[in-house]
Amino acid sequence: MKFGIIRERKNPPDKRVVLSPKACQKVLKTHTEAQIIVEPSPIRAYADADYKHLGITVASEMDNCDVLLGVKEVPIDSLIPNKKYFFFSHTIKKQPYNRDLLRAILEKNIEMYDHEVITNKQEQRVVAFGRYAGIVGAYNGFRAYGLKFDLFHLPKANDLENQEALISELKKLKLPAIKVLLTGRGRVGNGAREMLDGMGMRRVNVTEYLEKTFSEPVYCQIDASEYNKRKDGVRGNKADFFAHPQEYKSNFFRFAKVSDFYIAGHYFGQGSPYLFTREDAKHEDFKIKVVADVSCDIDGPVASTIRPSTIADPIYGYHAESESEIDFKNSDAIAVMAVDNLPCELPRDASEGFGEAFIKNVIPAFFNGDKDGVLHRARMTQNGKLTERYAYLQDYVDGKE
């Protein structure tokens, strides 16, 4: 089995890679029948020389590989027919901007595996960049807070080497006695929590957060069962919420009344209530002034997120009264950080974490007959057609929806 590490060609450039030089070395040591060729790249977080130094072949020979591994969407004119590809295709939710990409994958008889749908038998995702989105998102949120109130000027995450360097910068901060709210207990939420704990911020429970006043900055991490409640008044729980989101309404406003800074790291499912609406943001008791929306659902559950922002220009202002964008330093503005490709700012850390998961959960499937069905569940296309699991995308491909 010959694996090719493809050069990332999407713009803006992405420095991440599925397998770092050390990860490649590990694959070759563990699976003697495996071969790896790395396509030369001027932008990758690891130089071509880093691979060569560990004895990994670097060559423009992707045509000779069986399985091609990438991160972002491959431009249509760069797709090699009749190959197996792994990358984030951003088509499983019928994203209109990638309809032509999925059509091209089918036309070129490509066997497509999307990182987003690589799951275990329990249907849980096993390879993802979410933790690093949370890590960078929390850091960027504090950077936005400092800039909005002209309290401090943190360097951009992009200019720092790793998570340790980010935490080191956060530890230097002299923060006022603010309350920081964090939603989500998955990869994203817990990645953000690593930063809050790393900088030494005190964690408090829901009751303390809502009812007490503190003389130091504190944070509270909550999940779906704490910011939603059943409409019928019956006591709900997280499992019930995910099974029947339409039976719930938001219970978030009680947190918005006491929070200064909000980090959104939750998963938002179809049919779920919004956390706070545009009307909520207009309320005189709404206190949040900075939002780091790591989840970044546009015009959705976090009303102030009206567009994604970029690594180059990460912060904008949301004016609740006019429901429009203004300067984030305006006293009436909620400062919004909604960069939608946060892990790109920590490419080495993100690549190493992703690679570890890929080696553990995906690579063995190529050599054990896919005994756990990992490849079967993630295979979107085969023999020029959508597989049964992804047949729901047919009308999307045909342009009927």
Got a salt bridge between [X] and [Y], using NZ or NE/NH1/NH2 to carboxylate O under 4.0 Å?
X	Y	result
E356	K26	no
R278	E323	yes
E216	R202	yes
D159	K156	no
K72	D14	yes
R348	D50	yes
K121	D372	yes
E388	R379	no
K179	D260	no
R230	D240	yes

Do N383 and E111 meet the criterion of a side-chain donor-acceptor pair at a distance under 3.5 Å?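 There is no such pair between these side chains.
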Can a side-chain donor-acceptor contact be found between S295 and D297 if the only test is distance below 3.5 angstrom?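 No, because no side-chain N or O of D297 sits under 3.5 Å from a partner of the opposite role on S295.
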R377 and its side chain to side chain contact (heavy atoms under 4.5 Å, CB included) partner, picked from I118, V117, T119: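 Testing each of I118, V117, T119 against R377, the sole residue satisfying side chain to side chain contact (heavy atoms under 4.5 Å, CB included) is T119.
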Which word best sums up how the rings of [X] and [Y] line up, parallel for under 30°, tilted for 30 to 60°, or perpendicular for over 60°?
X	Y	result
H283	F253	perpendicular
Y267	F242	tilted
Y392	Y390	tilted

Is atom NZ of K385 surrounded by more than 12 heavy atoms (other residues, nucleotides or ligands) closer than 6.0 Å?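 Not more than 12 within 6.0 Å, no.
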Quick check on salt bridge (Lys or Arg N to Asp or Glu O under 4.0 Å): which of R185, R254, K238 does E226 satisfy it with?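 Among R185, R254, K238, the one meeting salt bridge (Lys or Arg N to Asp or Glu O under 4.0 Å) with E226 is R185.
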Any donor-acceptor N/O pair, [X] side chain to [Y] backbone, under 3.5 Å:
X	Y	answer
Y316	I306	yes
D370	H376	yes
S351	V17	yes
Y396	R99	yes
K229	S250	no
N98	S89	yes
S41	R44	yes

Can you give me every donor-acceptor pair (side chain of residues 140-147, partner residue at least two apart or in another chain, under 3.5 Å) with its distance?
unit_1: N140; atom_1: ND2; unit_2: E345; atom_2: OE2; d: 3.0
unit_1: R143; atom_1: NE; unit_2: L154; atom_2: O; d: 3.0

Kindly give the heavy-atom pair with the smallest separation between [X] and [Y], and that separation in Å.
X	Y	value
K171	G198	CE-O, 3.0 Å
A133	P343	N-CG, 3.8 Å
V27	A34	CG1-CB, 4.2 Å

Pair F354-H115, ring-ring contact (aromatic ring centres under 6.0 Å, His included): steps then yes or no: CA-CA 10 Å; F354 191 88; H115 294 308; 5.0 Å; yes
Please report whether the ring centroid of F241 lies less than 6.0 Å from that of Y227.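 No, the ring centres sit 6.0 Å or more apart.
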Please confirm whether Y85 and Y113 have ring centers closer than 6.0 angstrom. no
